[in-house]
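Throughout, numbering of the chain's residues begins at 1 and tracks the sequence.
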Amino acid sequence: MESLLAASSSLPAAAFSPPSSLSSTSSSPHALRSAVAGAARAVRCSAAKDSILYALEHDEMFNSAEVIQWESGKSINSIAAAQGIRIRRRCRPRYPSEGSGADKAVPRNMLEQIIWDKEVEVSQRKAKKPLQKVIESSQHAPPARDFVGALTAAYSRNVAPALIAEVKKASPSRGVLREDFNPVEIAQSYEKNGAACLSILTDEKHFQGSFENLETVRNSGVKCPLLCKEFVIDIWQIYYARSKGADAILLIAAVLPDLDIKYMLRICKNLGMTALIEVHDERELDRVLKIDGVQLIGINNRSLGMVIIISCKCLQSFETLRIIVDIDVYWNFVIIETFKVDTSNTKTLLEKRGDLIRDKGILVVGESGLFTPDDVAYVQNAGVSAILVGESLVKQENPGQAIAGLYGKDLLH
């Protein structure tokens, strides 16, 4: 009990919720909740309403259905699956290709592989720089810039979706997009040509990005608000992104249970950051729309992929297949993913939920499959206020000048 009080006394108010979301397996949730709730009931009185124990007992997240299910013995993955989440969590301190038996598994798709690798990466980073150290660093960062305000102003100036231009060197499906990659030059060129905000890829293993790129762009004099494009599974990443100058961060509904999203939104609010919550389909969108405090929803037109797993022994050559679909090889298997992109996904979802989204005052960001002025006009007519574009810009000789080609006009800035 004393250790909980000691830890909580040095954390912000958001820490009154479960210490590191449903993804944490570092302690027994049943023992923790029982001990805290029991002690809180013992000391609860009018004079103790400002105490940490009182806050814990009366925190809606601490008493949420997910926590109750978790402490009753349900696994993280079963709780997530009940919410329609297909991305499984491994919660292993080493890469999934290591070990044997239950310790070795084949991911269902690329996103799941990225998340498994991210679990290992975050675990290693936290060992080197604990959460409390990262929180302290985030408190010394300059105030976060108004990400939503920048998008709204740009939309009004141009009567067109505001642009979140992505600084991106590579992707797992397309490989290296730009050999002569200079994140500062690209960021400055985007800003000069009318981008409202910038997205900086920070994943190293699969996108060849880094938090150092984020920090370098922030310190370069670029005034655009910055989105940290990271695969977030732990609040450590949010605090770390803020310490490196991020003004906003991506949260992916296909990965995070509802409780995680709520908790991370609370962290973002405390830090003055904006969360862009990404959805792929109607079920994910409905989940997010039930959560209070959402300001930005990104609709990704790229599906999570239809997966076929074939033993490598059955294939003499699969170079021909590479022309048709994206292929990745893991250990003794070939994972084939269609990763279909269909911009009508945005239109379909907004036809069904557009009124509710507008009533809540949420801005919608269109993602993936945007290459031409017709593409931009299509998602604008569907109801988006902003677009996030990377590949179609960064592959051009001058990424900033390519913005005019994407919109069919120069953007005011």
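Between I115 and R88, the closest side-chain pair of non-hydrogen atoms is not below 4.5 Å. Two residues are said to be in side-chain contact when any heavy atoms from C-beta on lie closer than 4.5 Å; V294 and L265 meet this criterion. A 4.5 Å side-chain heavy-atom check between Y155 and Q380 finds at least one atom pair inside the cut-off.
With sequence neighbours left out, the ring pair (Phe, Tyr, Trp, His ring centres under 6.0 Å) criterion links F211 to Y240. Take D375 and apply the salt bridge (charged side-chain N to carboxylate O under 4.0 Å, His left out) test, not counting sequence neighbours, and it matches no residue.
A salt bridge does not link R353 with D359: none of the charged nitrogens is closer than 4.0 Å to a carboxylate oxygen. One finds no salt bridge joining E119 and R90 here, because no Lys/Arg side-chain nitrogen approaches an Asp/Glu carboxylate oxygen to under 4.0 Å. Ionic pairing of E204 and R125 is present here: one or more N-O contacts between side-chain nitrogen and carboxylate oxygen are shorter than 4.0 angstrom. A salt bridge links D355 with R358; the closest basic N to acidic carboxylate O contact falls under 4.0 Å. Using a 4.0 Å cut-off between a side-chain N of Lys or Arg and a carboxylate O of Asp or Glu, E121 and K205 do not qualify as a salt bridge.
Identified under the salt bridge (charged side-chain N to carboxylate O under 4.0 Å, His left out) test for residues 177-202, with sequence neighbours left out: R178-D180.
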Side-chain donor-acceptor pairs under 3.5 Å in residues 384-397, sequence neighbours left out?
from: S392; atom 1: OG; to: L370; atom 2: O; distance (Å): 3.1
from: Q396; atom 1: NE2; to: S392; atom 2: O; distance (Å): 3.4

Can you give me every donor-acceptor pair (side chain of residues 220-233, partner residue at least two apart or in another chain, under 3.5 Å) with its distance?
from: S220; atom 1: OG; to: V217; atom 2: O; distance (Å): 2.6
from: K229; atom 1: NZ; to: E166; atom 2: OE1; distance (Å): 3.4
from: K229; atom 1: NZ; to: E166; atom 2: OE2; distance (Å): 2.8
from: E230; atom 1: OE1; to: K118; atom 2: NZ; distance (Å): 3.3
from: E230; atom 1: OE1; to: T202; atom 2: OG1; distance (Å): 2.8
from: E230; atom 1: OE2; to: K118; atom 2: NZ; distance (Å): 3.1
from: E230; atom 1: OE2; to: Q237; atom 2: NE2; distance (Å): 3.1

Donor-acceptor contacts, no H, no angles, side chain residues 156-163, under 3.5 Å, sequence neighbours left out:
from: S156; atom 1: OG; to: T152; atom 2: O; distance (Å): 3.2
from: R157; atom 1: NE; to: L412; atom 2: O; distance (Å): 3.4
from: N158; atom 1: OD1; to: L412; atom 2: N; distance (Å): 2.6
from: N158; atom 1: ND2; to: A154; atom 2: O; distance (Å): 3.2
from: N158; atom 1: ND2; to: L412; atom 2: O; distance (Å): 3.3

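The neighbour count for K360 NZ, taken as heavy atoms of other residues, nucleotides or ligands under 6.0 Å away, is above 12. Annotation for N398: atom CG counts as buried by contact number, over 12 foreign heavy atoms lying within 6.0 Å.
With no hydrogens or angles considered, a side-chain donor-acceptor pair links D117 and Q113 at under 3.5 Å. With 3.5 Å as the limit, one finds a donor-acceptor pair spanning the side chains of S78 and S75.
Of the possible donor and acceptor atoms, one in the side chain of N301 sits under 3.5 Å from a partner among the backbone N and O of E367.
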